[in-house]
Amino acid sequence: MIINWTKIAEEIYTQLKNDIKSFKSKPSLWAILVWNNPSSLRYIKQKEKWAKEIWINFILKKIPENIKERDLYNIVKEFNDDININWYIVQLPLPPHIDSQKIINNIHPKKDVDGFHPNNMWKVLLWDKNWFVPCTPAGIIEILEKEEIKVEWKKVCVIWRSNIVWKPMVSLLINMWATVIACNSKTKDLDKHTSSADVVIVAAWNPWLLKVNMIKYWAVIIDVWFTVIDDIIYWDADTKLIDLVWNKITPVPGWVWSLTVAMLMKNTIKAYKIQNK
Ligand code: GUN
């Protein structure tokens, strides 16, 4: 069975459109794009499209890829100081010569609707759902709730180590009483862990990492990321998994685009409400 991500995203957007109707002004969301890799460009296009659709002003600032770390840091500082910029994101990944965490650490936590700043991550660890939960993990929680997939008493395997999905995802799941198996690229015998899990969340950025013989046949598979090679999209889960109707699986890229983006819009609306209380 394939999880109907479109329906889940549509419900979120309907709710957000209703919320925005009562706002006195149009919220604005800024995005800084440095690395024009195909995945980031696709993400940004979707963010732009959905922001417009629900009446959020989306302003994209494109920066040359060869920018020095210090200069990007200064742009982030300008964004923090600019009273006309209430909320913004820095699209990841950044080019390899830039330390992403250094840049994220300098985004003002109140403007950080991605929820990546350490202060905001800390709130996630402590289960403060009223703040900005990073968008992809927030989207996954939304799926689990809407599909009534309970994680208490269950084993959830989360693959692979990253600051923007894996760490907040593990934090959210432990708060939800799941038994979490947090795998990384140095985990031995990955298949032993995946095949004992009731839910497998794969965000590895590694084409077809998760194979049919690595899972329980009734497991729920949540496939988060994809890689684009020569214009072809490769999921982290082998496409053969989708043909097998045993389990619930989220198809990417549709899912990633729709739910991560929907949760970014939700965080922006949340931020507007906090500011205009
Ligand atoms: N790259 C992949 N996912 C995300 C996300 O949620 N936010 C940002 N800023 N970059 C990303």
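Counting starts at 1 for both ligands and their atoms, in listed order. These values consider heavy atoms only, across backbone and side chains, with no hydrogens, waters or symmetry-generated copies.
The number of heavy-atom neighbours closer than 6.0 Å to NZ of Lys167, taken from other residues, nucleotides and ligands shown, is above 12.
Nearest non-hydrogen protein atom to atom 4 (C) of ligand 1 is Ile164 CD1, 4.0 Å. Protein heavy atom closest to atom 9 (N) of ligand 1, with residue, atom name and distance, is Asp114 OD2, 2.6 Å. At the shortest separation from atom 2 (C) of ligand 1 among protein heavy atoms lies Tyr43 CE1, 3.7 Å. In this structure, atom 11 (C) of ligand 1 lies nearest to the protein heavy atom Gln91 NE2, 3.4 Å.
Contact annotation: the side chain of Phe79 approaches that of Lys61 to within less than 4.5 Å [non-hydrogen atoms, C-beta and beyond]. Counting only heavy atoms from C-beta outward, the side chains of Ile274 and Asn130 never approach each other to under 4.5 Å. The shortest distance between side-chain heavy atoms of Asn276 and Phe23 does not fall below 4.5 Å.
At a 3.5 angstrom cut-off on N or O pairs, Pro93 does not count as close to ligand 1.
Neither the backbone nor the side chain of Val165 has any atom closer than 4.0 Å to an atom of ligand 1 (non-hydrogen atoms only). Residue-level proximity to ligand 1 for Leu92 is carried by backbone and side chain together, each with a heavy atom below 4.0 angstrom.
Close approach of ligand 1 to Val90 (heavy-atom distance below 4.0 Å) involves ligand atoms 8 (C), 9 (N). Which parts of ligand 1 touch Phe116 is read off a 4.0 Å heavy-atom cut-off, strictly below it: atoms 5 (C), 6 (O), 7 (N), 8 (C), 9 (N). In summary, the atoms of ligand 1 found under 4.0 Å from a heavy atom of Thr260, numbered by their order in the structure, are 6 (O).
If you check the side chains of Lys21 and Asn18, you find a donor sitting under 3.5 Å from an acceptor.
Here the closest heavy-atom approach between residue Glu65 and residue Pro95 is recorded as O-CG, 3.6 Å. In plain terms, the two heavy atoms of Leu125 and Ser171 that are nearest each other are CD1-OG, 3.5 Å.
Remark: Lys146 engages Glu142 in a salt bridge, criterion side-chain N to carboxylate O under 4.0 Å.
Residue-ligand proximity: Lys47 is placed with a non-hydrogen atom under 4.0 Å from ligand 1.
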